[in-house]
Amino acid sequence: MSNSNIRVRFAPSPTGPLHIGGVRTALYNYLFARKNGGKFILRIEDTDQTRLVSGAEKYIIDSFKWCGIEFDEGVASGGDYGPYRQSDRKHIYPAYAEELVKSGHAYYAFDTPDELNKIRTDYELQKLTFVYNAVARKKLRNSLTLTEEETNKLLESGEPYVIRFCMPENKIVVMNDMIRGKVEVNTSALDDKVLFKSDGMPTYHLANIVDDHLMEISHVIRGEEWLPSLPLHVLLYEAFNWEKPEFAHLPLLLKPDGNGKLSKRDGDRLGFPVFPLEWKDPKTGNISTGFREEGYFADAFINLLAMLGWNPGDERELFSMEELTEAFSIERVGKSGAKFDPVKAAWFNHQYLIRVDNETLAGLLMPIAIKNGVLVEKEQLSIAVGMVKERVNFVSELWDHLDFFFKQPENYDHKSVKKCWKEGSYNQMAELKDVLLEVDDFTAENTEKAVKKWIENNEYKTGAVMNAFRLLLVGELKGPHLFDIVALIGQEASVERIEQGLHEIGRIEN
RNA sequence: GGUCCGUUCGGCUAGCCAGGUCAGGCCCCCAGGUUUUCAUCCUGGUAACACGGGUUCGAAUCCCGUACGGACUACCA
């Protein structure tokens, strides 16, 4: 299944942080390349000078590094097909644009943006839509309506111009998409897209085709939002007389509620991250949280993203990157958009968290313990983590489930006191203190045996005693097996907590 | 408005290409069970083929239409 001719790329525009839809697109490209023994390339499409955001390119690279998505070639990795940043390739595009003019597939247009905007507004006033197409181009200032002499004069005088694709009239373009199959469109519905801008840079459409060709890209796997541009791209390959790559347009990632493309706004509104890493907007200073900062494990993040739009065809849901690579195929990518579900996302993280060993989790939890002003032995913390990790989705939630191991209750939950602190509780707990003091080897088993024997001898109610005991140790009615708690906090501390509790809660007079 | 894409439980989806299953799984939710607490865990449950035609002995599956949703429609990518 190995094919060294397979080359795919992820080609983001560094206009801001990468959102999870982009990460998923990159992931599918990566998996496709790995699965088929091909190469995966990172190309930066920064042809729009006005929309560059500083730090965005670094953010993109850092994000993939965190996720474990690796590039064989690209801006950070090098390679034989560079440079991999389109602004660094600026010099190569004009010749290609001019080649199309010479072959009659494109033309110079001298309309200014202002002129075109005015025409568009006028059309709108008449409830019409202006389309720069075969009809319109005949009435505008371009190398098709001007004489060759006039055109050359304008070009030489430094008049700003763009190069537009000369869209054929009434021709059916037949395309194939690996996910959607055959797609046909009539060129009459298409317009004369700008290929080369007046600022000397190519547009996306030109740069994309030229670079994919020069970089020998075999499969273009990108978001569905590009499907409407596919006819233009196909026509460009044909105009250049180049071999076309295969195309696959991935379904969109949708917002959790309602319909529509997932956006940064949805994350802010519904309180979940839409970016892999935290992003600070350099202009506004606004901070958007990332999956990493929210406590997602990188492999859980990859796993949940992979399952949004793809499935293995059987009932497995948990996949390592290696397993994904093995199982992935474009054929099993769905056609329809997938809503991002933050609840299931958290479930994925839970699945990973419970599989992480206790020592590692304790290491991650340590800073939180310190922040809470509690000095903890890592070994103790590991044991406590092992007892409660099933209960949480994120490391950050762990502390609330085990802080009582490491500090005495500061207060006693009212409801719990009301529920389980009865008339006899004070005396029972006072007795229990002495029972604990007499246990030699203070293990969970020994303590449990001693306490149960004492309960039996006195004919106390197990539930009542245990709940009162739990209340004094934990401060409320929660937590793991009581004798595991006792064993971990130790004989001395257990007795101390009973004493403190007796003092704080006192006798109940009924 | 135009072009293109899409449509199975509340969500992610299997099944569709090669018509015949009580339409399956996971998340959520609900109910029981286990448990000295809380949780975990176990068992069970609610719940879907957008609609209308056609083809066929038989349609979620093939065809046509309708509705709805989405993407695109910049000298942005």
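A note on names: the letters A, B, ... follow the listed sequences, proteins ahead of strands, and every chain is numbered from 1.
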Worked verdict on Arg316(A) versus Glu323(A) for salt bridge (charged side-chain N to carboxylate O under 4.0 Å, His left out): CA-CA 11 Å; Arg316(A) 289 175 296 164; Glu323(A) 290 164 336; over 6 Å; no
Residues Leu402(A), Met387(A); criterion side chain to side chain contact (heavy atoms under 4.5 Å, CB included); working and verdict: CA-CA 9 Å; Leu402(A) 53 65; Met387(A) 289 186 220; over 6 Å; no
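The listed nucleotides are rC27(B), rG6(B), rG70(B); the one nearest the side chain of Lys335(A) is rG6(B). The side chain of Tyr204(A) sits closest to rA77(B) out of rC27(B), rC4(B), rA77(B). With distances taken from any side-chain atom of Arg51(A) to the nucleotides rC76(B), rU36(B), rC72(B), the minimum falls on rC76(B). Among the nucleotides rG11(B), rU37(B), rC75(B), the one closest to the side chain of Leu477(A) is rU37(B). Closest to the Lys197(A) side chain, of the nucleotides rU37(B), rU3(B), rC76(B), is rC76(B). Residue Arg332(A) places its side chain closer to rG15(B) than to any other of rC27(B), rU37(B), rG15(B). Closest to the Lys478(A) side chain, of the nucleotides rA71(B), rG6(B), rU37(B), is rU37(B). Comparing rC75(B), rC72(B), rC4(B) by their nearest atom to the side chain of Glu225(A) picks out rC72(B). Distance from the side chain of Ala338(A) is smallest for rC12(B) among the nucleotides rU37(B), rC72(B), rC12(B). Taking the side chain of Asp48(A) as heavy atoms from C-beta on, and the options rC76(B), rC28(B), rU37(B), the nearest nucleotide is rC76(B).
The shortest heavy-atom contact between Leu353(A) and Val395(A) is CD1-N, 3.5 Å.
Using a 4.0 Å heavy-atom cutoff across all strands shown, Asp111(A) reaches at least one base atom of the nucleic acid. Residue Glu476(A) is out of contact with every strand shown, counting any heavy-atom pair closer than 4.0 Å. Here His481(A) lies in heavy-atom contact (under 4.0 Å) with a base. Nucleic acid contact class of Gly479(A) (heavy atoms, under 4.0 Å, all strands): base. Within the nucleic acid shown, Arg180(A) comes within 4.0 Å of sugar-phosphate atoms alone, with no base atom in reach, counting heavy atoms only. If you check every strand for non-hydrogen atoms under 4.0 Å, Val474(A) touches nothing. Contact annotation for Thr50(A): no contact, since no heavy-atom pair falls under 4.0 Å across all strands. Looking at heavy-atom distances under 4.0 Å, Val194(A) makes contact with sugar-phosphate atoms alone, never a base. As judged by a 4.0 angstrom heavy-atom cut-off over every strand, Pro480(A) is placed among the base-contacting residues. Within 4.0 Å (heavy atoms only), Gly309(A) reaches sugar-phosphate atoms of the nucleic acid but no base atom. Within 4.0 Å (heavy atoms only), Arg222(A) reaches no atom of the nucleic acid at all. Counting any heavy atom pair closer than 4.0 Å across all strands shown, Ser336(A) reaches sugar-phosphate atoms only and no base atom.
Proximity of Thr129(A) to the phosphate of rU73(B): no side-chain N or O atom is located under 4.0 Å from OP1 or OP2. Residue Asn311(A) places at least one side-chain N or O under 4.0 Å from the OP1 or OP2 atom of rA14(B). When the side-chain nitrogen and oxygen atoms of Lys261(A) are compared with OP1 and OP2 of rC72(B), one or more of them lie within a distance under 4.0 Å. A close approach under 4.0 Å does occur between a side-chain nitrogen or oxygen of Arg164(A) and OP1 or OP2 of rC75(B). Regarding contacts with the backbone of rC75(B), a side-chain N or O of Arg120(A) is found under 4.0 angstrom from either OP1 or OP2.
Taking every heavy atom of residues 383-399 of chain A and every atom of RNA chain B, pairs under 4.0 Å involve Glu390(A), Arg391(A), by number.
The base of rC28(B) has none of its N or O atoms less than 3.5 Å from a complementary donor or acceptor on the side chain of Lys344(A).
Annotation: rC17(B) and rC64(B) have their P atoms spaced 15 Å apart (nearest Å). rA67(B) and rG25(B): their C1' atoms are spaced 30 Å apart (whole Å). Nucleotides rC41(B) and rC51(B), compared at atom P, are 36 Å apart to the nearest Å.
The separation between Leu473(A) atom CG and rU36(B) atom C1' is 13 Å, rounded to whole Å.
Across the interface with RNA chain B, nearest-nucleotide mapping of Thr203(A) and Arg470(A) shows Arg470(A) to be the residue nearer the 5′ end. Along RNA chain B, the nucleotide nearest Leu190(A) and the nucleotide nearest Phe130(A) are compared for position; the residue whose nucleotide lies closer to the 5' end is Leu190(A).
One finds a salt bridge joining Glu238(A) and Lys244(A) here, because a Lys/Arg side-chain nitrogen approaches an Asp/Glu carboxylate oxygen to under 4.0 Å.
When ring centroids are compared, Trp310(A) and Tyr28(A) stay outside the 6.0 Å threshold.
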